[in-house]
Number of protein chains: 2
Amino acid sequence: MKADQARDRGSLRRTNLGSVLRLLRGGPRSRAQIATETGLPKPTVTSLVGELVGLGLLREGPAQREGAVGRPGTLVQLDGRDICGIGVEISTSYVHVLALNLGGEPVFEHRTEVAVADQDAEDALDLTARAIRACGAALERDGVRPVGITLAVPGVIEAPAGVVDYAPGIGWRDVAVVEGLRSRLGPDTPPIAVENDAKLCALTEYLLVEDPDVHDMVCLTGERGIAAGIISAGRLLRGATNFAGEVGHMPLDPERRPCVCGRAGCWEAMVGLDAIMELAADPDDEVRDQKRPLEDRFRTLHLRAERGDERTSRALARVADDLGLGIALLTDVLNPRVVVLGGYFTHIGDLMLERVREVVRGRVIAPDAGGCQVVLSTLGFTAAARGGAFLALDSVYEDPADVA
Amino acid sequence: MKADQARDRGSLRRTNLGSVLRLLRGGPRSRAQIATETGLPKPTVTSLVGELVGLGLLREGPAQREGAVGRPGTLVQLDGRDICGIGVEISTSYVHVLALNLGGEPVFEHRTEVAVADQDAEDALDLTARAIRACGAALERDGVRPVGITLAVPGVIEAPAGVVDYAPGIGWRDVAVVEGLRSRLGPDTPPIAVENDAKLCALTEYLLVEDPDVHDMVCLTGERGIAAGIISAGRLLRGATNFAGEVGHMPLDPERRPCVCGRAGCWEAMVGLDAIMELAADPDDEVRDQKRPLEDRFRTLHLRAERGDERTSRALARVADDLGLGIALLTDVLNPRVVVLGGYFTHIGDLMLERVREVVRGRVIAPDAGGCQVVLSTLGFTAAARGGAFLALDSVYEDPADVA
DNA sequence: GGCTGTTAGTTCGGATTCTAGTCAAACTAA
DNA sequence: TTAGTTTGACTAGAATCCGAACTAACAGCC
């Protein structure tokens, strides 16, 4: 049978420190507001806030002045200017380094355009290490201390081991990323982790969604491969061995064309980047020129569809149908509140969204699709790196007292 | 952004009381063992155990005697003989009432054979209420106090509202079960809840699995409909509106025959009870005689397959393929450690298991199916009622001090 | 200006709970 | 019998939360 860990006394304080800190991610508020929102008594809040201010994680802001009667409260807000998390996204065409301070504001950002797939994994790690070192130097100059680094990689990750099992988009197989970076960056480097890019996008989407009642989400990142980051009951769903969300090869239709994995009917063979391109244009068409930037190619496609080009419209409709089918399936299984479309869908999804929603409504067994809403991501290409930075900062939110 | 609830002081004690209690579900142990396993100091354990003994939830057992040096410990074990949870499964052909005491031992069990679908929902509730009253009377005679009642219903449940939205197997639609039972049973009845039978089966399977490292499971209950109970990271996955696990109508193959829901390609139209029966036998065959008990019909089928009957073997192979396909899909999404086949699969699954495993191994994208094992349930038809009783007992494990 | 009412935040003491140290008890092995 | 080991209880102490009372800082009104 199952048992869970007992809690010692210190963990109570840690939990409450973290609660206050996490609450303030949603914006500044007064001690009294914190007390009502957390349910903690005011003296406790005073004590917690005092400790967090002492740790340099919070600072007092201006007095709250809203014309209300009574003494105005002094706002307390996240400080953490001298603490940050680093997220590094290794994508097919770029390496993106992003450092966020505790308040979620970027304190460093740099994007290196590079065709990662064209080089050796070792070379890519060299490049990544250089980018991280540059970031570290800039942060040190500004007096900001990184508390962790998380890499976002589009592929199957063994997160506990720090190994990328298989990332076809960048041509990696069995790459010990964490070990490789640690040896390059030296022993003084903060903790390094790797995670699937879709999972990190999901984390970002979840943390930034406004509606406080959303705790179940599915975030799809569509490039050549399709992957999902799943948030369930406010937690990132990882599964037994961190493979959860590998939805690209879900068998949806045995009659369809074969997938790169050798099997038939995989979802990503129906809605992945290659599928939509092949449906929409002939091989020699400019939109299928892999040397052109992806955004430009989709801009062309978008234009064609708006002008009423029939082949483009048919292609979009077909992909929308298949996308809706897979989303309906995921909704049957997971019953999310929101499904977010990221990846290439952000470029062209506006033309498919209505149809996708229609399919989902019609296909999910729960009435009204279980209240599920399909939306487009608004985060752009920074989502994965941002999620990495958030994850790196997580240790601070888990145990604020530990930063010292 | 997201915030979670802060913890007050009392919750620490409650948590630790619950920890000790849950730990002891795994069998008796001495205070010193509890201390090492929970990480709590020995005096704390003494205090916690003392309180739990005072509450009548634990009792001291015999001295531990294992030939080791040193003073032998006195074993402490779950008592809770005078406390129980009641689980009631409302199935197509019976109403099963099961009361389990804290240690998980049955203290009352009664099964009423009845074709629930043939009567009005109100009549079924009358019958259920009578069964519960009989159970309550027997418990009162034995001096056992029920702390909660959970109904297991095969259908789509709005658990928070206590309403069964749709349960085709028993012909229910929009039945306010909790309200209906509470009004019939009177105000002195312990808290009543409803939950999907597959979810409750999953709970039972999870609590009874021996391997302490299994925290991600999918449990399939297959009758005419197919549903899944999903355990992820040790928690029952419910989704945003409690519809998670409604896998019966996942679209798997648009070419297949239509489902009762009107759509094509639903999983349960491929592997549900009707599907296997139609594949295996002609309409006038004895195995398709709905008046015969299900077990007998499957015994016949089993016999035929063993004797090498080709049609039966082909049917089993076909269903095994489709079952494997859906399980592979769920494994891609959820990456469970174990998939448990319940429902009718317990009768005939032994003949399909090897083939199912083969399909899953071949179809899941994660290497070695992400370590996922497909097994048959060994719990028989009591799983759902047992899960209900466990869920009813959960309040005790959550807050042991509250039983008084 | 001064009074009143209202809300914010702090101080203080008490209650609860965990925790470190100590010790008697109960047993095995030599 | 003696030495050694482990268990479980007792006590004192520390950390934390929490309720009540208190001060502080305003707005509105006379």
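Residue numbers start from 1 in every chain, and the chains themselves are labelled A, B, ... in the order their sequence lines are given, proteins ahead of strands. Since the structure is predicted, the reported quantities are computational estimates derived from the model, not experimental observations.
Protein atom CG of Asp8(B) is 13 Å distant from nucleotide atom P of dC18(C), rounded to whole Å. When the P atom of dT6(D) is taken as reference, atom CD1 of Ile34(B) falls 19 Å away, rounded to whole Å. In this structure, CG of Leu12(A) is placed 16 Å from P of dT16(C), rounded to the nearest angstrom. For the pair Leu17(A) CG and dT16(D) P, the interatomic distance rounds to 9 Å; values are reported in whole Å. Spacing between atom CG of Leu48(A) and atom C1' of dT16(D) amounts to 10 Å, rounded to whole angstrom units.
Under the 3.5 Å distance criterion, with hydrogens and angles disregarded, a donor-acceptor pair is assigned to the side chains of Ser47(A) and Arg13(A).
Note on Arg13(B): a side-chain N or O is less than 4.0 Å away from OP1 or OP2 of dC18(C). In terms of phosphate contacts, Thr74(A) brings no side-chain nitrogen or oxygen within less than 4.0 Å of OP1 or OP2 of dA8(C). Contact between the side-chain N/O atoms of Thr46(B) and the OP1/OP2 oxygens of dA9(D) is found at a separation under 4.0 Å. Residue Arg31(A) has a polar side-chain atom (N or O) positioned under 4.0 Å from OP1 or OP2 of dT10(C).
Ile230(A) contributes atom CD1, which lies 15.0 Å from atom CZ of Arg235(A) (distance to the nearest 0.5 angstrom).
Residue Asn16(B) has its side chain nearest to dC18(C) when only dT7(D), dC18(D), dC18(C) are considered. Side-chain atoms of Pro41(A) lie closest to dC18(D) of the nucleotides dG9(C), dC18(D), dG8(D). When each of dC18(D), dC26(D), dG8(D) is scored by its nearest atom to the side-chain atoms of Pro72(A), the top-ranked nucleotide is dC26(D). Which of dC18(D), dG9(C), dT19(C) sits closest to the side chain of Leu40(B) comes down to dT19(C).
When Leu52(A), Val49(A), Leu17(A), Val20(A) are each tested for a side-chain contact (heavy atoms from CB on, under 4.5 Å) with Leu57(A), only one passes: Leu52(A).
Among the protein residues, Pro43(B) comes within range of the nucleic acid bases, having at least one heavy atom under 4.0 Å from a base atom. Contacts of Ser30(B) with the nucleic acid, taken as non-hydrogen atoms under 4.0 Å apart, involve only primed sugar atoms and P, OP1 or OP2. Using a 4.0 Å heavy-atom distance criterion, Ser47(B) is classed as making no nucleic acid contact.
Listed here is the closest heavy atom pair of Gly387(B) and Leu203(B): O-CD2, 3.9 Å.
Each of Ala63(A) and Gly39(A) was matched to the nucleotide of DNA chain D holding its nearest heavy atom; the match closer to the 5' end belongs to Gly39(A). Sequence order on DNA chain C of the closest nucleotides to Glu51(B) and Lys42(A) puts Lys42(A) first from the 5' end.
For dA8(C), the base has a donor-acceptor partner in the side chain of Arg71(A) [N/O atoms by modelled type, under 3.5 angstrom].
Here the side chains of Lys199(B) and Ile157(B) are not in contact, with every heavy-atom distance at 4.5 Å or above.
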